[in-house]
Amino acid sequence: MPELPEVETVARGVDQHLRGDRIVRVWLTDLPQPFKTPPARMGKVLAGRAILAVHRTGKHIVFELSAPGEKSAPATAQWIVHLGMTGRLLVAESEQPLAPHTHARLGMASGRELRFVDPRRFGRLQFLDLGRTQPFQAPGAEPLTIGAQPFAALFGGRKTAIKAALLNQTLLSGVGNIYADESLFRAGIRPSRRANRLTGAELERLRQALRQILKRAIRLGGSSVSDYVDADGERGFFQLEHCVYQRTGQPCRHCQTPIRRILLAGRGTHYCPKCQH
DNA sequence: CATTTCACCTGGTGGC
DNA sequence: TGCCACCAGGTGAAAT
């Protein structure tokens, strides 16, 4: 579900509601899956810290946390949230009913509650002590800010399909199945093309297409194809502008040719056979 | 190494 | 209505 635009939208919403608030209570599920940091430890180390800021890097949401009992910078810890396929991060009033599959609840000094809900449990929560470890860094480059040369260099030696390369988070961080398909459509490139066979002009078209689509999707609050919602429980609107993703058999918005679906890198892949070469 | 495949989970949909 | 196959925004380990 959540790719860069959805994660950015959620991070902004949480930042708006909870910046400056303090974690006073922590409840975590008994199920083991969602935790990269053991829950017993995470419950202890989060309590008492103020949320200084919340931001996104790649598909990860990063909470900058004060030292326990402090209320201002510097951040001495980070809480990292990855939403997986079906994860939600919701800011709720504590009396609001609990959604099924709620795995974490952070009670705040303001009385609000931050809730992590994730039916499939592919999401992950992690605590980083900045006294012991480096600040979180996504492995790949940011697609919104990478320049033309470094972007082209990412794909130079790769024989794999360009779509598989776009999904590789160690090259670019934040691109997932929706925005890979949509940006390849916009750039007029078939998803199955070998990455190292793209021309310089094609790669630059792809970089621009990706950037424009991601920015537009952020502006529209992301894509809600099934159940994605932001920190306020609101759906996004970019799904209304999808050209190929999950439009199999429907007419291309440019040339009316039916959109095709193939399997690539194990993922459903959608493209227009006439517009994309 | 680069690349591919599969397991990890729940839930929704559509065919019979 | 039930049962079953298939599909879904992601990733990381194992196999090739």
Side-chain angles (χ1 to χ4, degrees), chain A residues 1-11 29-36 56-61 80-89 99-103 116-126 136 138-140 143 153-184 191-197 210 213-214 217-218 220-231 234-249 259-270:
Chain A
M1 101 43 333
E3 305 179 30
L4 187 154
E6 292 77 29
V7 178
E8 176 73 28
T9 302
V10 170
T29 178
D30 291 334
L31 295 166
Q33 283 84 195
F35 303 103
K36 279 184 99 162
R56 173 200 65 79
T57 171
K59 292 175 190 169
H60 297 263
I61 299 166
I80 312 298
V81 176
H82 192 291
L83 298 174
M85 290 274 261
T86 52
R88 299 180 179 193
L89 213 44
H101 307 291
T102 299
H103 300 126
F116 174 66
V117 179
D118 185 12
R120 288 178 75 179
R121 283 180 265 134
F122 291 168
R124 292 294 180 267
L125 309 176
Q126 182 177 22
F136 180 81
L154 291 178
F155 303 104
R158 311 248 155 203
K159 292 206 264 211
T160 190
I162 183 62
K163 164 143 178 190
L166 283 174
L167 294 176
N168 182 340
Q169 301 297 297
T170 65
L171 300 178
L172 287 175
S173 294
V175 182
N177 210 31
I178 296 174
Y179 300 100
D181 282 5
E182 292 297 320
S183 60
L184 285 166
S192 55
R193 291 272 302 284
R194 305 299 109 183
N196 61 358
R197 307 290 277 282
L210 188 54
I213 280 173
L214 292 173
I218 290 169
L220 294 190
S223 299
S224 291
V225 297
S226 64
D227 55 8
Y228 160 75
V229 291
D230 69 14
E234 302 288 337
R235 293 166 57 83
F237 293 93
F238 190 69
Q239 69 278 7
L240 301 174
E241 298 187 10
H242 288 178
C243 290
V244 290
Y245 181 76
Q246 289 196 346
R247 294 194 67 245
T248 311
I259 298 303
R260 264 188 214 160
R261 179 185 184 277
I262 59 172
L263 213 57
L264 204 57
R267 320 293 303 275
T269 296
H270 316 76

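Chain naming here is simple, since letters A, B, ... match the order of the sequence lines and numbering starts at 1 in each.
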Step by step, would you call A:Ile218 with A:Leu4 a side chain to side chain contact (heavy atoms under 4.5 Å, CB included)?
CA-CA 8 Å; A:Ile218 290 169; A:Leu4 187 154; 3.9 Å; yes
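- Across all strands shown, B:dC9 forms no Watson-Crick or G-U wobble pair with both key distances under 3.5 Å.
- Distance, A:His242 NE2 to C:dA8 C1': 14 Å, rounded to whole Å.
- B:dA7 and C:dA5 have their P atoms separated by 16 Å, with the value rounded to a whole Å.
- Under the 30°/60° scheme for interplanar angles, the aromatic rings of A:His82 and A:His60 are found to stand perpendicular.
- Taking atom CG on A:Leu167 and atom P on C:dG10, their separation rounds to 7 Å, with Å as the unit.
- Along DNA chain C, the nucleotide nearest to A:Val225 and the one nearest to A:Lys36 differ in position, and the one closer to the 5' end is contacted by A:Val225.
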Kindly indicate, with the supporting measurements, whether the criterion side chain to side chain contact (heavy atoms under 4.5 Å, CB included) is fulfilled by A:Phe116 and A:Thr29.
CA-CA 10 Å; A:Phe116 174 66; A:Thr29 178; over 6 Å; no
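- When distances are taken from the side chain of A:Gln246 to each of B:dG11, C:dA8, C:dG10, the shortest belongs to C:dA8.
- With hydrogens and angles disregarded, a donor-acceptor distance shorter than 3.5 Å links the side chain of A:Gln169 to the backbone of A:Val175.
- The nearest whole Å value for the distance from the NE2 atom in A:His60 to the C1' atom in C:dG12 is 12 Å.
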The contact string for nucleotides 1-7 of chain B, one letter per nucleotide 5' to 3', using protein heavy atoms under 4.0 Å with B, S and - for base, sugar-phosphate only and none, comes out as -SSS---
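- Checking side-chain atoms of A:Arg193 against main-chain N and O of A:Ala195 turns up no donor-acceptor pair under 3.5 Å.
- At the phosphate of C:dG10, neither OP1 nor OP2 sits under 4.0 Å from any side-chain N or O atom of A:Gln169.
- As judged by a 4.0 angstrom heavy-atom cut-off over every strand, A:Ser224 is placed among the base-contacting residues.
- The phosphate of B:dC9 (OP1 or OP2) has a side-chain N or O of A:Gln33 nearer than 4.0 angstrom.
- For the pair A:His82 and C:dG10, the criterion of a side-chain N or O lying under 4.0 Å from OP1 or OP2 is not met.
- We find that CZ of A:Arg120 is positioned 11 Å from P of B:dC9, with the value rounded to whole Å.
- Close to B:dC9, at under 4.0 Å from its OP1 or OP2, lies no side-chain N or O of A:His101.
- The distance from atom CD of A:Gln239 to atom P of C:dA8 is 17 Å, rounded to the nearest whole Å.
- Ring planes of A:Tyr245 and A:His270: perpendicular class, angle over 60° (limits at 30 and 60°).
- Looking at A:Glu182, its side chain does come within 3.5 Å of a backbone N or O of A:Val244 through a donor-acceptor pair.
- Rounded to whole Å, atom P of B:dC8 lies 17 Å from atom CG of A:Asp118.
- In this structure, the aromatic ring of A:Phe122 is positioned over the six-membered ring of the base of B:dC8, centres within 5.5 Å and planes within 30°.
- When the C1' atom of C:dA8 is taken as reference, atom OH of A:Tyr228 falls 17 Å away, rounded to whole Å.
- More than 12 non-hydrogen atoms from other residues, nucleotides or ligands lie less than 6.0 angstrom from CZ of A:Arg235.
- The separation between A:Asp227 atom CG and B:dG11 atom C1' is 9 Å, rounded to whole Å.
- At the heavy-atom level, A:Tyr245 lies under 4.0 Å from the strands shown only through sugar-phosphate atoms.
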